[in-house]
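Report on the following structure.
As the structure is a computational prediction, the values presented were derived from the model and not from experiment.
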Amino acid sequence: MSRLHRAFRWFASIALVCASWVASAQVVLTASPQRIDLWPQVRVLGDPAGAMELEQVRAARDKFAEPRGAYSTLGMDKEVVWLRVPIVVGAGGEGTWVLDVDYALLNRIDVYSLLDGKAVQRMTLGDAQPFAARPLQGRSHAAPLEFAGSGPREILLRVDTRGAKILPITLSRLASYHTRALDEQLLQGALGCLGLVLLLYSLAQWVSLRESLYIKYALLVLFSATFSVHFFGIGEMYLWTDIDWPERHLAGVTALMAAAATALFIEDAMTGDLNRWLRRGLRAVAAIHMIATAAYGADLIDLRTVAVLMSTTGLAPSLLGLPGALAKARRGDSIGAWFMVAWVGYFIASAVMVGVVRGRIGVTFWTLHSFQIGATLDMLIFMRIAVLRSAARHLVAQRAAQERDTLHSLAHSDPLTGLLNRRGFDDALAVALGRATPERLLALYVIDLDGFKPVNDKFGHDVGDELLRVAAQRLRSSVRGVDAVARLGGDEFVVMADGLSNQELARELGLKLLDAFRAPFALNQNTCNVTATIGYALAPEDANDAGSLLKAADAAMYAGKQEGKDRLVRAKA
C-alpha cells in the first residue's frame with residue numbers, strides 16, 4: 001500500500017505540474033529547480049491613483065492582464081502597478097523560498113503572500129526603506145517566503161517607484177539565492193576595483209604630467225563607476241546606506257556628469273582635428289549636462305527629463321567628435337580608430353540600456369549589464385587614447401627639443417672642429433665670470449699655432465683643416481671635462497678653466513696645453529711639426545670682465561710670439 005500511495009502522490013504531482021504548464025498561469029514549486037523566473041506567470045494591474053487596498057486588488061483579480069512590452073520591464077510609466085503570481089506547492093516544494101526583485105533602484109515594493117485569499121505574510125521592500133529593516137540585507141530587494149500545506153496560494157506585489165520599472169523577479173532556494181548574490185557582488189567588486197585603479201592612475205598621471213586630459217578622464221571614470229555602483233545597489237549596501245539624497249539622485253547625477261566629462265575628454269583629445277564650432281558644441285553639451293545635473297540635484301527636473309537628455313544630448317559627444325576621429329584615422333593616427341571602436345560599443349550599450357529603461361528591450365543578464373559593460377569598455381579604450389595622446393605629445397616635445405638643441409649647437413659650435421665658436425664661448429665665459437673669486441680663479445688661454453700657414457700653403461687646405469681638427473682633439477684631451485674649448489677663427493683657439501684654487505694650477509694647465517703640440521702631427525700620410533704660443537690671464541686678478549680678460553690674454557700671446565714662439569706667457573698686471 002505504501003508503494004501504491006507514493007506512486008499515486010508522484011502521479012498527482014506530475015499531473016499538477018503538467019496542468020500548470022499547459023495553463024501557463026501558475027508557478028509550481030517542487031524539489032527542482034532551485035531557482036524559478038516568475039515573469040512568464042506575472043499578471044499586471046494598473047493603479048493610477050495609487051489608492052487600491054489589498055481587498056480591492058483581490059476583488060479585481062479578473063482584471064489582471066499579461067504585461068505588455070518587453071520581458072521583465074514595464075518602462076518609465078509613473079503609475080503604481082500590482083503584480084500577481086499564482087503559486088502551486090508541489091512535492092518537495094515546501095519550505096523557504098526567497099523572492100528576489102533584482103533591480104536596486106525601486107523605491108517601494110509591498111509584498112503579500114496569500115493562502116486561501118488571506119495574507120499570511122506581508123513585507124515592504126525598496127530603497128526608500130531603511131536598509132536595516134530589509135528582510136534580507138543585500139544589494140537587491142529580497143524577502144523570504146514560507147510555503148507549506150495545500151490550498152491556492154498567490155504572491156501580490158505593489159510597485160511604486162519614480163524611475164524605470166525594471167522587474168527581474170525570481171523565487172529561489174536560500175542557497176541558490178546566496179550563490180547568485182555572491183557572484184554578482186564579486187563581479188561588481190572586480191569592476192569597481194578596476195574603476196578605482198583607473199581613477200588613481202589618471203590622477204597620478206595628471207599630477208605628474210599636468211595634462212588636462214587626465215583630469216577629464218578621471219572625472220569620466222569617477223562618474224561612470226559611481227553610476228554602476230549605485231545602479232547595482234553596492235553603494236546603498238556599503239557606502240551611503242540610508243542617506244536619502246544619493247538614493248534619490250545619484251542615478252541621474254552620475255549619468256549626466258559622465259556624459260559631460262565624456263564631451264570634455266573628446267574635445268581635449270581631438271584638439272587640432274575639430275573645427276572651432278564642433279569644439280564649442282562639445283563644450284555646450286558639457287555645460288547643458290552640468291546645468292541639468294544641478295537642476296536634478298535640486299529637484300527642479302525629474303528623472304524622466306534626465307532620461308530624455310541622456311537619450312538625445314547624451315549621444316552628442318560621439319557625433320560631434322566623429323569628424324575628428326575620421327580625420328585622425330585617415331592620416332594613420334590610431335587614436336581615431338580607437339575612438340570609433342569606443343563609440344560603436346557606447347552606442348550599442350546605450351541603446352540597449354535605454355531600451356530596457358523604456359520597456360522596449362527585455363531584461364537579461366547582458367541587457368541589464370549593458371551600460372556597465374559599455375562604460376568599462378569606454379574607460380579602458382579612453383585610457384589607451386590618453387596614453388597614446390601623451391606619448392604623441394611627448395614625442396613632439398622631444399623632437400622640438402632636439403631641433404632646438406641642434407639649432408643651438410649650430411649657432412654655438414664651430415662646424416670644422418666641433419668646438420665652441422665665438423658666440424658659444426662668449427656665453428660660457430659670461431656665466432663662468434659670475435663665479436670667479438680670488439679663491440676660485442678663472443684662467444683664460446689664447447692659443448695660436450706656430451707654423452700653420454706654411455703647412456696650409458705646402459699641403460693644401462684639406463691638410464690644413466685636418467691639422468686644425470687634430471689640434472682641437474689634443475686640446476680637448478688636455479683639459480678637464482668642465483673646461484671650455486673654442487676656436488675663434490683661423491688657427492686661433494681659446495681655453496677657459498674656472499674653479500682653480502691658485503695661480504700655480506693655472507700655470508700647470510697652460511704648460512700641459514703647450515705640451516699637447518710637442519708631438520708631430522700625422523696628416524693624410526704627411527708629417528709636420530707645429531707648436532703653439534699661449535698667452536693667458538686670470539680673473540678676477542688680471543681683469544674682471546670678458547672683454548678685458550680676453551684682450552689681456554691675447555696681448556700675452558702676441559708677446560710670446562715676439563719672444564720666440566712655443567711658449568706660455570701670462571698677461572702683465
Side-chain angles (χ1 to χ4, degrees), residues 406-429 432 443-497 506-537 542 546-572:
T406 300
L407 292 173
H408 184 273
S409 178
L410 291 173
H412 292 77
S413 299
D414 174 53
L416 177 63
T417 62
L419 300 177
L420 292 173
N421 60 15
R422 181 61 178 261
R423 180 178 179 181
F425 182 77
D426 287 345
D427 291 345
L429 180 58
L444 184 67
Y445 305 87
V446 173
I447 304 162
D448 190 80
L449 302 186
D450 302 325
F452 171 74
K453 187 174 184 305
V455 172
N456 204 38
D457 292 343
K458 181 178 180 180
F459 298 108
H461 291 293
D462 290 343
V463 174
D465 289 346
E466 182 63 21
L467 174 58
L468 293 175
R469 282 192 287 268
V470 175
Q473 293 172 2
R474 291 188 180 185
L475 287 173
R476 278 201 194 99
S477 63
S478 301
V479 299
R480 304 169 301 174
V482 295
D483 298 336
V485 183
R487 177 181 174 228
L488 300 186
D491 61 338
E492 187 174 21
F493 298 86
V494 62
V495 172
M496 178 190 69
R507 178 173 174 75
E508 289 176 2
L509 178 57
L511 292 174
K512 186 177 180 181
L513 293 171
L514 198 63
D515 289 341
F517 295 89
R518 303 292 189 193
F521 288 82
L523 308 168
N524 295 340
Q525 300 179 346
N526 298 301
T527 301
C528 58
N529 292 299
V530 176
T531 59
T533 300
I534 303 174
Y536 74 101
D542 300 330
S548 300
L549 190 66
L550 187 59
K551 184 176 180 181
D554 194 56
M557 184 273 293
Y558 276 107
K561 289 279 190 181
Q562 293 173 357
E563 292 174 10
K565 304 180 180 180
D566 189 21
R567 65 193 60 223
L568 175 71
V569 179
R570 180 182 173 184
K572 296 181 179 180

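- The CG atom of Asn529 sits 9.0 Å away from the CZ atom of Phe521 when rounded to the nearest 0.5 Å.
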For this session: Run the numbers on Val463 and Asn456 for side-chain contact (heavy atoms from CB on, under 4.5 Å), then give the verdict.
Result: CA-CA 7 Å; Val463 174; Asn456 204 38; over 6 Å; no
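- Looking at Lys453 and Asp457, a side-chain N of the basic residue comes within less than 4.0 Å of a carboxylate O on the acidic one, giving a salt bridge.
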Problem set entry | Full working for side-chain contact (heavy atoms from CB on, under 4.5 Å) between Leu475 and Phe517 | CA-CA 9 Å; Leu475 287 173; Phe517 295 89; 3.8 Å; yes
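- The shortest heavy-atom contact between Ala537 and Ala571 is CB-CB, 3.9 Å.
- The two atoms that bring Ile447 and Ala532 nearest to each other are CG2-CB, 3.8 Å, heavy atoms only.
- At least one side-chain heavy atom of Phe452 sits under 4.5 Å from a side-chain heavy atom of Leu468.
- Looking at Asp542 and Arg570, a side-chain N of the basic residue comes within less than 4.0 Å of a carboxylate O on the acidic one, giving a salt bridge.
- Put simply, CE on Met496 and CG on Leu444 are 8.0 Å apart, with the number rounded to the nearest 0.5 Å.
- Across all their heavy atoms, Leu420 and Ala484 have their closest contact at CD1-CB, 4.1 Å.
- The CG atom of Leu568 sits 8.5 Å away from atom CG of Leu513, with the distance rounded to the nearest 0.5 Å.
- Here the straight-line distance linking atom CZ of Arg474 with atom CG of Asp515 works out to 11.5 Å at 0.5 Å rounding.
- Of all non-hydrogen atoms in Ala506 and Ala443, the two that sit nearest each other are CB-CB, 4.0 Å.
- If you take CD1 on Ile534 and CG on Leu449, they are separated by 9.5 Å, rounding to the nearest 0.5 Å.
- For the pair Arg487 (side chain) and Gly490 (backbone), a donor-acceptor distance under 3.5 Å is present.
- Gly560 approaches Val569 most closely through the heavy-atom pair CA-CG2, 3.6 Å.
- When the options Val470, Asp491, Val455 are evaluated for a side chain to side chain contact (heavy atoms under 4.5 Å, CB included) with Val530, the one that passes is Val455.
- Residue pairs satisfying the side chain to side chain donor-acceptor pair (under 3.5 Å) criterion with at least one member in residues 553-566, sequence neighbours excluded, are listed as follows: Asp448-Lys561, Asp450-Lys561, Arg518-Asp566.
- Between Asp426 and Arg422 a salt bridge is recorded (basic side-chain N to carboxylate O distance below 4.0 Å).
- Sparse packing is recorded around CZ of Arg507, with 12 or fewer heavy atoms of other residues, nucleotides or ligands lying under 6.0 Å away.
- In this structure, CG on Leu509 lies 6.0 Å from CG on Asp483, to the nearest 0.5 angstrom.
- For Glu466 against Leu523, the heavy-atom pair with the smallest separation is CG-CD2, 3.8 Å.
- For Thr417, the side chain to side chain donor-acceptor pair (under 3.5 Å) partners two or more places apart in sequence, or in a different chain, are Asp414.
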